[in-house]
Protein chains: 2
Amino acid sequence: MRKIRRHSEVPEATIHRLPRYLEKLKLLQAMGVEDVSSRQLAESLDIKASQLRHDFHYFGGFSRPGRPYQVGKLVPALEKIIGVSEPQPVAIVGAGHLGQALANYGNLEVQGFPVRGVFDANPRLVGLEIRGQPVRDMDELETVIANEGIRIAILTVPAQHAQAVTDRLVKAGIVGIVNFAPTDLKVPGTVAVRNERLAVGIMALSFKVKCILEGDCGAE
Amino acid sequence: MRKIRRHSEVPEATIHRLPRYLEKLKLLQAMGVEDVSSRQLAESLDIKASQLRHDFHYFGGFSRPGRPYQVGKLVPALEKIIGVSEPQPVAIVGAGHLGQALANYGNLEVQGFPVRGVFDANPRLVGLEIRGQPVRDMDELETVIANEGIRIAILTVPAQHAQAVTDRLVKAGIVGIVNFAPTDLKVPGTVAVRNERLAVGIMALSFKVKCILEGDCGAE
DNA sequence: AATCGCGTGTCAACCGGTTGACAGGTGTCC
DNA sequence: GGACACCTGTCAACCGGTTGACACGCGATT
């Protein structure tokens, strides 16, 4: 285990793979697997073994040369790197269909992101119970975020309100935002945003579908 | 307008940007804007103008040198390239919370992907009306796909059923799948899959949040 | 008509990420 | 104990994507 580099030097592409490593490793752990080689793990994730080792290399490596990785050590190590060693409470802002679906999505809690507050401006939604939690009025946003120590917010409000709500979230101390609104958010450099654009995904797929149907694809 | 290259030569990264171009251009069109330069468009999307021109270059360019792009011509051209000149009917398989949320998500239809079938295996959900459409039993999957000419399916079933359902979809003639299940799907090469992994997104964000909170980020 | 400002199409340099290769460590089997 | 199979950490070559630079076209203005 050598020197651990600064996070900023870890390439974006590697960051996006870390959660997949963790997911698969947890699965293996649940199955009672103790050791796993880079080749086994990489093949099950459909990537090259050299890439996996290269990724781990950014954090100094997790094994001694000659010995496979130990699942029991790798899982907590990755959890620490990703920042989910302990649960990260999150808020969901916007309790429309998508917000409700996410609030109901139990997997979030399992992955270490318990929902600790659901908010909406619509009084007809306020008070609605989702998984034992009430939808709260936007008035309570700041207090709940402060009391629960929430750092990450999931934004599922209509596009036209996204920026205003974002400004409030940033002021309230939110450091990371998962944005489902089809808009680009302006935030200070000290806040991380991740855009989950549903429509972009299906359109990119549509392009490939067209390409397949027209036999215009190099692959086949 | 020079030679149009084969789709297979268009880089993945460019494909993912096309929908964003279209989105923004439609917005401009709605605002009555007629001309737009690569710089204006690029800046509003927070990318480099040279990249935008480079992307368009794959399709032969959309303007004469010296003249800005004409929104009115660009929109249909991009729609054609992406494959949404005419509506692409889609099916939603799995009417759990997420499936219902997507079925209710009006934006899909606006973007050219009308939902023409919602399916679930759970008899308690079958018959439920969503936006004027019934949730159908899985038995009807093949007939509806055939009758409506559906080519794209959105998969929102639990992970353990994802592969089985996928096999059925492929057999039924589906060519593109947007996969929300946290599993990798095995499909023949003639089928395109796009994974929308919610948990991966929030975890990648968590990494950056940790990086910001610990002052371990190069950016600031 | 000549000039000027602005714009696209195009290309080459550059950069980050991926991939293959290998040196060296570890445990096992004979 | 020696040979062997297997494994990781590490590095260098490679590749695709991004970016900056520029030649040239167009329209307005003088």
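Naming convention: chains lettered A, B, ... in sequence-line order (proteins, then strands); numbering from 1 in each chain. Quick note: numbers below take in every heavy atom, side chains included, and nothing from hydrogens, waters or symmetry partners.
Rounding to whole angstrom units, NZ of residue K73(A) and C1' of dT8(D) are separated by 15 Å. One can place CD of Q70(A) at 13 Å from C1' of dC7(D), the figure rounded to the nearest angstrom. At whole-Å resolution of the value, CG in D55(B) and C1' in dG17(D) are 10 Å apart. Put simply, CD on Q51(A) is 17 Å from P on dG16(C), counting in whole angstrom units. The distance from atom CG of L41(A) to atom P of dC6(D) is 18 Å, rounded to the nearest whole Å. A straight line from CD of E9(A) to P of dG17(C) spans 12 Å, rounded to a whole angstrom.
Taking all atoms of both residues into account, the shortest heavy-atom contact from E196(A) to V178(A) is CG-CG1, 3.7 Å. Contact detail for P89(B) and R116(B): the closest heavy-atom pair is CB-CG, 3.6 Å.
OP1 or OP2 of dG9(C) has not a single side-chain nitrogen or oxygen of H57(B) nearer than 4.0 Å. Look at Y69(A) and you'll find a side-chain N or O under 4.0 angstrom from OP1 or OP2 of dG9(D).
Using a cutoff of 4.0 Å between basic side-chain nitrogens and carboxylate oxygens, D46(A) and R20(A) are not scored as salt-bridged.
Near DNA chain C, defined here as any heavy-atom distance below 4.0 Å, the residues from residues 31-38 of chain B are V36(B), S37(B), S38(B), listed numerically.
In the set dT18(C), dT8(D), dG17(D), dG17(D) carries the atom at the smallest distance from any side-chain atom of A13(B).
Here the CG-CZ distance, from L169(B) to F119(B), works out to 9.0 Å after rounding to the nearest 0.5 Å. Rounded to the nearest 0.5 angstrom, F62(A) CZ and F56(A) CZ are separated by 6.0 Å. With rounding to the nearest 0.5 Å, the separation of CG in L205(A) from CD1 in I154(B) is 9.0 Å.
Residue whose closest nucleotide on DNA chain C sits further toward the 5' end, between E12(A) and Q40(B): Q40(B).
Aromatic ring orientation, H57(B) versus H54(B): parallel (interplanar angle below 30°, classes split at 30° and 60°).
Side-chain contact of Q51(B) with D55(B): a donor-acceptor pair under 3.5 Å is absent, judged by distance alone.
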Check your understanding: Which nucleotides of nucleotides 20-30 of chain D have their base under 4.0 Å from a protein heavy atom (B), which only their sugar-phosphate (S), and which neither (-), written as one string 5' to 3'?
Key -> BBB--BSS---
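The ring-ring contact (aromatic ring centres under 6.0 Å, His included) search around F113(B) returns none, not counting sequence neighbours.
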